[in-house]
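For reference, the structure is listed below as C-alpha cells.
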Amino acid sequence: MPLRLLLTAGVATRTRLDPLRVEAERVINGRAQRGMLAAALRDAGRDRELDEWVARGGVWFAPAFPRLEAGVAAGGAGGVVERTTVAVPAPATLFRSGADDTGDAVDLERVQPSPGVAYRALGGLLAPEAGYRAAVAATAEQYLGRGRGDGTGRGAPFFTTTLDAGQVFETRWQMWAADGARLDALAWRVVDFLTEARGRLVLGAAGARAHGGEVRVDLAEDAVRPGRPVAADRIGLTADRDWPAGEERDLVLLSPALVCGAGGGFHPRALVAAVARRFPGTAVEVVTAHVEAQAVGGYHRGYRGPVAERWAARPGSVVRLRPNRPLTTEQVRALEAHPLGERAADGYGQFAVLAVRERVVAPVEVAPVPGGGGIRLADGTEARIGAASPAGWLQSDRDLGRLYDTLLANAAAEPVRAFARRLAAVDDDLRGLTPSLLGRLREVAAAPHPTAERALRALADAVGERDAPGGPGPRLRGKALEKVADARVRVAGHRVPVRDWFAELARDPRRWWDRHAGADARLASALAEALVAVDLTHPTGVGADLTDAARDWRRRHAARLALLLVATWLAELARNLREAAGRDGEGRRGES
C-alpha cells in the first residue's frame, strides 16, 4: 500500500546509541513508522489493531524515500520532474562524471572510463531510471541541554540533525491476506485509521527542541488503480518486469539487511549467499557484488531505551545476477515481496531488481568554474587556480599543494612501514646488533634536522669509518662501530652491508629508493594503490597507475620516504632482537 508522508515539522529519528547525538537519516526507516503507528493505536485504545497489525506482524513497514512529484524541481542534475517518481539508494557500482553532482551516471564495471574524465561514486538517492537525484533538506544544530544530574548544574552539549518540514516522502506498507478481497479490506481499515488519527501521527522524538512532529499520511492515489488501496510494484516501475534468461540485472538493497553468516552472527557479506538462495529451481550466476556495511540501532519509543546495534549490509549494496531461464513479471514481484534477512516487519532487507544501467558519458575536460577563477571542490568550496590542468592547480595554489602533499604522505606511510617490518626479520647477519645500539641510531634519525636529507646524512656519518668534516651529530666508535660494519640487511634478494646502505642513502636518496625500495614489487604495488586512492589528479581513484603529479611527488619526497623506512626498520629490528633474546633466555633456563 503506497502512502504519501508530508512532514509538517522537523523530524529526527535517532540512529546512534549516543544519547547526545541525534542524527536523522535521509530516509524515514520502517522501524520509526512502525513506532508511529503503534503509538497512535495505543493512544486511541485500539488494542485489537495494535496486536494484529504491529505485534503479530500483520503490517510490514518499508523505508520512506523522497517523493519527486511531477512539476517540481529535482536535485542533482536539476530540471523539472516530468512524472511522479520515488528516489531510491544509488547502486554502489554506479559512478558519476565530474567533480559535482551534474554528471551523468555510468557503470565503471561495464564501461571503460574515458581518459581525462574524473569519476566519483554516485551516492545519495536517485530515481530508478537514474534521471533525477533527490536532495533531502536537513538542519543541524548544537546546543546545551539539561545536565546529567551530577550536581554540577552544568548543561551537556547536544547535537541534532533534523529533516526539514514541508518535504514529501513515500513508503510502501506490505500486508498479508488470504485473497484480494480480504487484502483490500485490511488496507482500507488501515487507511481509515490513518485518516481518523490525523493530528496524532508523530515521527521522531516529539519532546524538547522539536525533534519530532506531526506527519500527514495519505494514500498515494496516483500510484494505485482507482478504487484499490494496494499496488503491485513497490517502486513504481513499469508493469512489464519480465526477466529474460541470460540478462544481467542488479538486485539493489533499499534498506539495511540483517543477514546471518555461517557462524550465526550478523554478517553483511552473507548477503550474496542469501540472494543466491532466493531462486529455487533456477540456476543464477552472481556476476559481481559490492556490499558495504553499516551499524543499525536507534531508540525504542515503546521501551524508552536504545536498540542494540547490529552490523547490516548498507542500502545501495548491489548483487548483479544472471539467471539461466526467464522469469516472469509475477515471479520478479514475488521475489521482491519477501525481504532478505531478519526483522522484515521493521523494514529491513527491502530490495528491488533493477535493469543494469549503461549510460556512457561524453568526454568532458575539467575546466575552471566560469566567472569564479577557480575549481569547485567536493565540499562546495572554490579553489582559485591559474591553470586548467590538475597539475597546474597544485602548482598555482599553495594551500591545495600542501593538502596534496599531506594526503599522499599519510597514504604512503603504512605501505612503507610494512616493507620496513619485512626487512627487519632477524637473521644471522643482524644478530650482532643490539637494541641499545639501534636505539642510539634512532635518536640520530629522530633529531630535529631541518630536512630529511640532513637527517639521512647524519645517520650515515654516525656509522662512517671516520669523522665527517663538520658532521652534524654524534657517531659510533669502538665495538659498536664494528658491529654495524659486520651487519648485513637482505634487500631484493641481496645482502647489503648496513654501513653501505646508509652511505648510499646519504649520497642520493632517489637512487637509493629506486634500488632498495622501488625494486620490491610488493611495496611498489601497495604504494601505488595507496597513492592513487587519495590522488586529487587521478581520474578514477582506483587502479595502480600513478599520475605524473604522483610520480613527481614520490621523486621529490624520496628522502622523506627513505627516512620513514629506515626509522621504522631500526625500531622493528630492535623489537625483534629483544623478543629473540627473550626466547633464547627461556630456552636456556629450561635446559638448566
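Just so we're clear, the structure is a prediction, and the values are computed from it rather than from any experiment. Note: hydrogens, waters and symmetry copies are ignored here, and every other heavy atom, side chains too, is used.
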Quiz item: A135 and Q167: which non-hydrogen atoms are nearest, and at how many Å?
Solution: O-OE1, 4.4 Å
Quiz item: Does the side chain of V532 come within less than 4.5 Å of T547's, by heavy atoms?
Solution: no
Practice problem: State whether a side-chain donor-acceptor pair under 3.5 Å links D164 with T139. | Solution: yes
Self-check item: Any residue meeting ring-ring contact (aromatic ring centres under 6.0 Å, His included) with W311, in chain and number order, not counting sequence neighbours
Solution: none
Quiz item: Partners of R56 by side chain to side chain donor-acceptor pair (under 3.5 Å), sequence neighbours excluded?
Solution: D51
Self-check item: Partners passing side chain to side chain donor-acceptor pair (under 3.5 Å) against W553 (at least two apart in sequence or in another chain)
Solution: D405, H557
Quiz prompt | Which residues share a side chain to side chain donor-acceptor pair (under 3.5 Å) with S317, sequence neighbours left out | solution = none
Practice problem: Return yes if a side-chain donor-acceptor contact under 3.5 Å exists between Y404 and D535, otherwise no. | Solution: yes
Quiz item: Under the salt bridge (charged side-chain N to carboxylate O under 4.0 Å, His left out) criterion, do E49 and R42 qualify, and how do the steps go?
Solution: CA-CA 9 Å; E49 288 81 1; R42 182 187 58 197; over 6 Å; no
Self-check item: Exercise: identify the closest heavy-atom pair between A62 and W173
Solution: N-CD1, 4.4 Å
Quiz item: With sequence neighbours excluded, what pairs up with P315 under the side-chain contact (heavy atoms from CB on, under 4.5 Å) test?
Solution: P89, P256, Q294
Practice problem: Could you tell me which non-hydrogen atom of F65 sits nearest to which non-hydrogen atom of A87, and how far apart they are? | Solution: CB-O, 2.8 Å
Self-check item: Residues forming a side chain to side chain donor-acceptor pair (under 3.5 Å) with S525, sequence neighbours excluded
Solution: none
Quiz item: Of all residues at least two apart in sequence or in a different chain, which pass the side-chain contact (heavy atoms from CB on, under 4.5 Å) check with W243?
Solution: E247, R249, F279, L321, P323, L327, V332, V353
Quiz prompt | Under the side-chain contact (heavy atoms from CB on, under 4.5 Å) test, residues paired with A526 that sit two or more places apart | solution = P415
Exercise. Measure the CD-OG1 distance between E248 and T288 for me, rounded to the nearest 0.5 Å.
Key: 9.5 Å
Quiz item: Can you name the nearest heavy-atom pair linking H290 to A92, along with the distance?
Solution: CD2-CB, 3.3 Å
Quiz prompt | Counterpart residues, side-chain contact (heavy atoms from CB on, under 4.5 Å), relative to A165 (two or more places apart) | solution = none
Side-chain polar contacts of residues 217-224 - donor-acceptor pairs under 3.5 angstrom, sequence neighbours left out - could you list them?
unit_1	atom_1	unit_2	atom_2	d
D218	OD1	R198	NH2	2.2
D222	OD1	R67	NH2	3.0
D222	OD2	R67	NH2	2.6

Exercise. Please identify each residue that fulfils salt bridge (Lys or Arg N to Asp or Glu O under 4.0 Å) with R310, with sequence neighbours left out.
Key: none
Exercise. Using the salt bridge (charged side-chain N to carboxylate O under 4.0 Å, His left out) rule, collect all pairs that involve residues 283-293, keeping only residues at least two apart or in two chains.
Key: E285-R322, E292-R314
